[in-house]
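Below: one structure, written as structure tokens.
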Protein chains: 2
Amino acid sequence: MTQFYNEYPKVLVSVDCIIFGFNGNNLQVLIGKRKMDPGRGEWSLYGGFVGANENLEDAANRVILDLTGMKNLYIRQVGAFGRIDRDPGERVISIAYCALINVVDYDDSLRIEHGLEWVSLNELPELYSDHRTMIHDAICQIRRRINHEPLSFKLLPDLFTLTQLQHVFEAVMGEEIDKRNFRKRVKDIDFIEKTELIDKVTSKRGAALYRFNKKAYEEDPSFILK
Amino acid sequence: MTQFYNEYPKVLVSVDCIIFGFNGNNLQVLIGKRKMDPGRGEWSLYGGFVGANENLEDAANRVILDLTGMKNLYIRQVGAFGRIDRDPGERVISIAYCALINVVDYDDSLRIEHGLEWVSLNELPELYSDHRTMIHDAICQIRRRINHEPLSFKLLPDLFTLTQLQHVFEAVMGEEIDKRNFRKRVKDIDFIEKTELIDKVTSKRGAALYRFNKKAYEEDPSFILK
DNA sequence: ACAAAAGTGTTATACGTACACCCATGA
DNA sequence: TCATGGGTGTACGTATAACACTTTTGT
């Protein structure tokens, strides 16, 4: 079986998934209480071991599909976490992935079935092992990317108001943005398209609904919002 | 031995090290021809397997020490690479690390002993497995960081001229920089200190030598060069 | 004397930021 | 009628980018 590298140690490799959602005000992460030893009962990200014939990203997508029923999400590797004693059971090296989902698309019964909770970033409890570091690294990465990649739309429905979009940016960056300046910048971005539709849910007056035009983006993916 | 996760597959985990140097004009990477199967004779990064009781970064530092005799280098994780068939021998997941060294400090006999070559980024040959992707990801990361972290000095001697420093930035970013604008920005950075020393090697007139003041940096690590 | 690299300021433009009021509607 | 969120423009200051000539010295 092993042909070349007989003499070297093998270790368990897992993926841990940081699933971000947006509740209108805050970025939230899906966490749950561990249902197995070691660490039973501690708050934890959801993860899984990488199969012998499974790519890392496939493993992450498998875990996320299991958790959310969703496919083809925006997903990025956050990094490898391999501290010797990071898993109290035995040596496990874990590759963290983060994904962004629109919570409205999420079938909440799946969340309950898995015993998961949406927790706002600023209300995170103590977490198992190095999971807090993973989340921290993930949010740093998203902050870096949000002004250069069309991330923000992944956290929103297909149709969204500019106020909703602004709230996503504010939640990710952790600071308030001036409404007029924000809208001025958005106007310059061709692939954020105004539709004829009006959202009457979030305000009495009604707000114009916008849409991310993927084709327009792919024709000219230059994108610097700030 | 295995207490908790008996049923899951274990795999080999390695680190691959992307060692960047600067030759005065170009960024260069240390690569060598593989001396073992699989892939014997192909150009490759230098790596090593992660020990059962070894942290990932420790493994990377071990490999780099072996290769260069140098410790405490600037080192960053680039990412985990785990495509099923990335290693033709058997499943190996590799964590890529990049390091920056000042080539003048490097004992060239070690390079020769390991059969390594400095190769400029724009002259890379075909590389073993996914090593080209690793290098690509590493340089992208350095480009992102060079304006926010004091990286550039790691590629230079302790004393350097502003022209040398500018050449580092140009090599990393892959574009020319205006000399006057560059020097203007450097003047605003307190921890890049002018010394009384003059370098007479690189020019007839002589150029002032500068130094990175680590203490000053740590007191005020805010740093945006561009 | 000349070649080669060091060193030095000004100006125009673009960009980011601060800021306050009217509008439309449902309750 | 009033409370709520939607929508709009300007002025100022800062940061960035473009640009050319003089100095020193070794050969």
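These figures come from a predicted structure and were not determined experimentally. Proteins come first, then strands; the chains are lettered A, B, ... in the order of their sequence lines, and each starts at number 1.
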(request) State, without any angle test, whether B:Q164 and B:H167 hold a side-chain donor-acceptor pair at a distance under 3.5 Å. (result) no
Taken to the nearest whole Å, NE2/B:H167 to C1'/C:dA6 is 11 Å
From CG of B:D188 across to P of D:dT14 the rounded distance in Å is 14 Å
note: A:N181, atom CG; D:dT8, atom C1'; distance rounded to Å ~ 12 Å
Sorted by position of nearest nucleotide on DNA chain C, 5' first, the leading residue of A:R205 and A:D178 is A:D178
### Message
Checking side-chain polar atoms at under 3.5 Å, does A:D16 have a donor or acceptor matched by the opposite partner on A:S94?
### Response
yes
Base of C:dT10, side chain of B:K184 - is there a donor-acceptor contact under 3.5 Å?
yes
Between CD of B:Q166 and P of C:dA5 the distance, given in whole Å, is 13 Å
5'-most contact on DNA chain D (nearest-nucleotide basis), A:R180 vs A:K204, goes to A:K204
Margin query: Ring of A:F182, cation from A:R185 - is the NZ or CZ under 6.0 Å from the centre and inside 45° of the axis?
Written below: no
Between CG of B:L165 and C1' of C:dA6 the distance, given in whole Å, is 15 Å
Side chain A:K179 and base D:dG7 donor-acceptor under 3.5 Å:
yes
- [ ] Anything under 30° is parallel, anything over 60° is perpendicular, the rest tilted; go ahead and classify A:F212 against A:F191.
- [x] perpendicular
Whole-Å distance, B:R185 CZ to D:dA17 P, equals 7 Å
Below 4.0 angstrom from OP1 or OP2 of D:dG5, is there any side-chain N or O of A:K200? no
Please determine whether the number of non-hydrogen atoms from other residues, nucleotides or ligands lying under 6.0 Å from atom CZ of A:R211 exceeds 12. no
Does D:dT4 have OP1 or OP2 under 4.0 Å away from a side-chain N or O of A:S203?
no
Taken to the nearest whole Å, CD1/B:I177 to C1'/C:dA6 is 17 Å
- Counting just side-chain N and O atoms, does B:T202 come under 4.0 Å of either OP1 or OP2 of C:dA5? no
Contact class for B:T163 vs. all strands (heavy atom < 4.0 Å): base, sugar-phosphate, or nothing?
-> sugar-phosphate
When rounded to whole Å, the CG to P distance for the pair B:D199 and C:dA4 reads 18 Å
